[in-house]
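Everything on this sheet refers to the single structure shown next.
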Amino acid sequence: MSDALNPVQQDAVRCTDGPLLILSGAGSGKTRVITHRIAHLVREKGVSTSRIMALTFTNKAAGEMKERVEKLLGGAMRSMWIGTFHAISARILRREGHWIGYERDFIIYDTSDQLTVIREAMSNLMISEDRCPPKSARSRISHAKNGYVDPEAFLSSGSGPFAEDVAKIYRAYQQIMRARNAMDFDDLLVNVVALFQQHAGVLKTYQDRFRYLLVDEYQDTNHLQYMLTKLLAARHRNLCVVGDDDQSIYQWRGADITNILNFERDYPEAEVIRLEQNYRSTQTILKAAAAVVKHNRTRKEKKLWTENDAGKPISVLQGVDERDEARRVLAAIERERTEGHRGFGDFALLYRTNAQSRALEDELRNAGIPYVIVGGLRFYERREIKDVLAYLKLVANPRDALSLRRIVNVPKRGIGDATMLKVQDFAVEKEIGLYDALGRAEEIVGLSGAMTKHLKTFHQHIEAFREQKTNLSVDQLAQEIVAGVGYIEDLQKDRSDENQTRVENVRELLSAMEEFVERSEDASLEAFLSEVSLFTDIDTWDEERDAVTLMTLHSAKGLEFPVVFITGLEDGLFPIIRADGESDLEEERRLFYVGITRARQRLYLCYALQRRRWGSLGYGAEPSRFLREIPKELLEYETPRLDEDASFRSRSGRTPYPPRRHSARGKKQAVAPAGEEDQTASGDSVRYVPLEDGTFPFDVDSWVIHPSFGRGQVVEKSGLGTSTRLVVRFGDGRKKRLMAKYAHLEAG
């Protein structure tokens with residue numbers, strides 16, 4: 001047993017037979033336990049690696065797990081199946097899909113492809129997009145699939161015009177997908193469960209082979225993943241699930257927290273082991289996380305602890321608006337870099353919604369600070385990459401009409417929509433596929449001789465590539481395709497920077513394919529297309545890059561950073577406004593818990609008093625209720641004097657925004673109880689005006705000093721006590737509407 005494991009972790013590693021629930025608190029070393037458990041099965045129990053399956057939720061997690069296991073066992077473990085639920089399902093269906101009517105070369109459609117097919121189905125049904133938005137239809141169809149509801153059952157349960165439309169679209173969508181030998185992400189899970197339920201012999205084969213099943217992040221499983229896990233483990237019941245109910249944050253996409261909460265009901269003989277020692281965060285950060293999450297009722301009790309030091313207090317930054325919030329975040333980053341000797345890669349800026357990144361991005365650009373956004377345009381979603389992949393998909397599966405339509409005129413061959421409409425009519429008349437119709441172009445009425453030649457030439461190109469497929473590795477095949485159709489040469493006709501970037505991206509794709517061939521047991525074209533289709537934002541994120549990372553809180557799960565900023569902590573934004581019921585609010589609180597526990601050494605919690613959303617500026621924002629759930633002694637409120645912070649400069653040497661007058665000196669001020677004075681590090685005192693007595697001492701025409709905007713005069717006043725709102729005209733002539741309760745005004 002490795003000395004790297006604590007006693008509780010060692011117990012989890014040794015408990016190999018029968019069902020086991022490992023409740024793993026944040027930062028408690030769950031990946032270490034899983035990988036050592038696999039190594040223990042192989043070395044100490046004599047279990048063949050081919051008898052072990054480990055299921056994860058991201059390719060990144062699967063790759064890290066496999067790498068660690070190989071290091072522990074001293075060699076490549078190609079016979080062991082480690083992968084995401086979707087990747088493992090695709091692998092099984094490549095082998096066994098013929099039992100349920102699929103050919104091995106099926107194509108996996110991404111979300112944009114799905115929308116294209118849904119629009120095609122709607123067009124065939126003459127359902128307008130105004131009547132039924134395609135994205136809404138896709139969401140409802142996905143929800144039905146995750147509940148294992150087929151089109152016929154959905155149709156019979158529908159009520160109302162919208163549900164009836166979706167039911168018809170769902171049925172037509174599945175018919176198109178079947179005809180093209182295509183699946184979407186949800187289909188991978190639906191079909192593997194259907195395969196096992198309908199063909200007991202196939203299920204028994206996989207149950208016999210995989211005697212030991214491990215599932216990571218079990219709290220995030222949906223109904224289909226729960227069914228798949230239960231089917232595979234039913235024979236030997238050697239099921240180990242690892243998870244943390246306090247980090248269940250994907251209810252909106254079908255995750256069911258009751259899967260982990262009811263594990264002992266499903267497996268009464270199960271052992272339960274709690275990993276509670278945290279190796280990641282300071283004591284202060286852990287105390288804050290525990291104080292917040294204990295407000296949830298639907299959870300299993302855990303008591304995280306750490307041998308790490310107490311660390312610094314959690315800093316709270318208050319901005320006047322989202323711009324001011326962003327500026328204060330940047331000031332804190334520069335201060336941390338100076339005082340803590342940190343690189344830009346040490347910082348993560350987290351937010352509840354993607355729209356919040358705009359103000360942060362603007363300020364980062366103005367200051368010349370490098371940053372990367374996780375969740376922007378993914379590499380495999382870029383136009384040129386999708387073009388090359390479409391060629392590969394068509395070579396793999398000629399029934400893929402979607403890919404055919406994408407590249408039949410790329411590079412330009414003079415094949416327009418009118419021509420393809422004639423091809424489609426011919427295909428329908430002859431009851432053949434679109435690709436086969438191209439091969440019979442000379443039979444299509446109304447085509448010119450030149451157009452017939454273009455169509456036949458394209459068809460011959462694809463046929464030639466299909467013949468090469470069996471003799472070439474996937475990277476060599478891609479090189480032949482790119483060269484054969486003149487894709488790069490076509491891009492280079494226009495020497496714009498944009499096209500040069502596209503050329504570089506295509507070459508990067510070819511390099512990625514070479515790397516895939518070197519590391520993969522199955523280096524087939526189909527295997528590569530499966531892997532690419534299941535990539536997520538996190539899988540392509542370069543954690544070694546020295547740049548500030550921006551991402552949503554959902555994307556941050558499973559990651560950690562030395563310094564974390566959680567921005568937008570206002571009621572209505574976080575928790576989000578739609579979190580009305582207790583279940584929704586508890587999930588939002590778990591999301592906040594996840595955000596807190598991403599931080600190793602420093603945590604900043606940020607909010608704004610007003611924020612522009614949906615095109616208008618909202619006033620009087622209340623700080624998030626979650627902030628009030630953190631003990632006050634763990635918090636330190638900051639009011640940075642940004643105009644005097646010499647470290648906060650852009651790379652051009654200028655201050656990124658106008659300097660402001662401020663009567664209080666010093667960069668950091670702890671907020672004392674209302675009406676009391678607090679001595680700052682510089683020796684200056686700051687007095688905040690009490691509002692709890694129902695009065696506000698500043699009337700119209702009073703002069704005040706604001707910590708961000710400097711000196712100004714009150715020109716309007718409304719409300720009473722803690723609800724008082726002011727309009728203040730500052731020295732530069734700008735008027736600002738302020739919530740007096742949070743403005744920290746001083747008499748000026």
Side-chain angles (χ1 to χ4, degrees), residues 1-16 20 22 24-85 87-88 91 209-218 238-244 273 275 277-280 307 345 511-512 514-523 527 531 534-536 538-545 557-562 600:
M1 187 64 61
S2 171
D3 294 336
L5 302 176
N6 66 40
V8 180
Q9 290 174 332
Q10 291 182 30
D11 289 342
V13 166
R14 292 192 184 99
C15 186
T16 55
L20 171 66
I22 301 176
S24 176
S28 61
K30 68 178 178 65
T31 304
R32 187 188 317 160
V33 169
I34 294 172
T35 53
H36 276 79
R37 193 172 192 274
I38 293 172
H40 178 74
L41 282 168
V42 175
R43 283 193 309 226
E44 307 301 326
K45 303 280 289 185
V47 178
S48 168
T49 54
S50 64
R51 298 285 193 173
I52 302 170
M53 178 189 289
L55 294 162
T56 69
F57 274 84
T58 67
N59 291 302
K60 180 181 175 65
E64 180 184 357
M65 192 180 296
K66 188 172 184 179
E67 184 179 330
R68 288 199 195 184
V69 170
E70 290 179 344
K71 189 175 293 185
L72 287 171
L73 294 177
M77 299 293 118
R78 293 199 168 192
S79 61
M80 182 167 54
W81 285 28
I82 298 179
T84 66
F85 275 94
I88 294 293
R91 188 171 181 178
R209 173 170 178 177
F210 297 108
R211 299 177 64 91
Y212 292 89
L213 186 64
L214 298 95
V215 183
D216 192 16
E217 305 288 6
Y218 191 67
N238 293 326
L239 171 64
C240 171
V241 302
V242 185
D244 181 4
I273 294 177
L275 303 182
Q277 182 176 358
N278 176 283
Y279 293 91
R280 177 188 301 158
E307 293 179 347
S511 296
E514 289 179 10
E515 189 269 336
F516 169 81
V517 170
E518 291 173 2
R519 64 176 166 79
S520 300
E521 178 184 1
D522 179 4
E531 178 173 298
L534 299 174
F535 262 48
T536 66
I538 292 299
D539 295 326
T540 54
W541 171 60
D542 181 8
E543 57 188 297
E544 300 299 323
R545 183 176 172 185
K557 186 169 174 294
L559 305 178
E560 59 182 68
F561 301 87
R600 294 207 297 261

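We use all heavy atoms of the structure for the numbers below, so side chains are in, but hydrogens, waters and symmetry mates are not. FYI, the numbering just counts along the sequence from 1.
Among residues at least two apart or in separate chains, there is no salt bridge (Lys or Arg N to Asp or Glu O under 4.0 Å) pair with a member in residues 33-42.
Nearest approach of N238 to T16, heavy atoms of both residues: OD1-O, 4.2 Å. Shortest non-hydrogen contact noted between R43 and L73 is CG-CD2, 3.7 Å. The shortest heavy-atom contact between A12 and V33 is CB-CG1, 3.8 Å. For the residue pair N278 and A26, the shortest heavy atom distance occurs at ND2-O, 2.5 Å. Minimum interatomic distance between V8 and N6 (heavy atoms only, all atoms of both residues): N-OD1, 3.1 Å. Nearest heavy atom pair, residue I88 against residue L55, reads CG1-CD2, 3.6 Å.
Distance check: K30 NZ to T35 OG1 gives 10.5 Å after rounding to the nearest 0.5 Å. Here I38 contributes atom CD1 and Y212 contributes atom OH; the two are 13.0 Å apart, rounded to the nearest 0.5 Å. For the atom pair CG of L20 and CG of L239, the computed distance is 8.5 Å after rounding to the nearest 0.5 Å. For the atom pair CD of Q9 and CG of L275, the computed distance is 6.0 Å after rounding to the nearest 0.5 Å. The SG atom of C240 lies 9.0 Å from the CG atom of L213; values are rounded to the nearest 0.5 Å. If you take CZ on F57 and NZ on K557, they are separated by 8.0 Å, rounding to the nearest 0.5 Å.
Checking side-chain atoms of R91 against main-chain N and O of G83 turns up no donor-acceptor pair under 3.5 Å. In this structure a side-chain-to-backbone donor-acceptor pair under 3.5 Å is present from H36 to R32.
Within a 6.0 Å sphere centred on CD of E67, heavy atoms belonging to other residues, nucleotides or ligands number 12 at most.
A donor and an acceptor atom, one from each side chain of S79 and T49, are located under 3.5 Å apart. No side-chain donor from either of D244 and Y218 sits under 3.5 Å from a side-chain acceptor of the other.
Tested against S50, the residues M80, R209, R211 include a single side-chain contact (heavy atoms from CB on, under 4.5 Å) partner, R209.
In this view, R51 satisfies the salt bridge (charged side-chain N to carboxylate O under 4.0 Å, His left out) rule with no residue, not counting sequence neighbours.
Inter-residue side-chain proximity for S28 and Q277 is flagged as unmet; no heavy-atom pair is nearer than 4.5 Å. Considering only heavy atoms from C-beta on, N59 comes within 4.5 Å of T84 through its side chain. The shortest distance between side-chain heavy atoms of V42 and I52 falls below 4.5 Å. Residues L214 and M53 form no side-chain contact, since every pair of their non-hydrogen atoms from C-beta on lies 4.5 Å or further apart.
Using a 4.0 Å cut-off between a side-chain N of Lys or Arg and a carboxylate O of Asp or Glu, E64 and K60 do not qualify as a salt bridge. Salt bridge R14/E44: absent, no basic N to carboxylate O contact under 4.0 Å.
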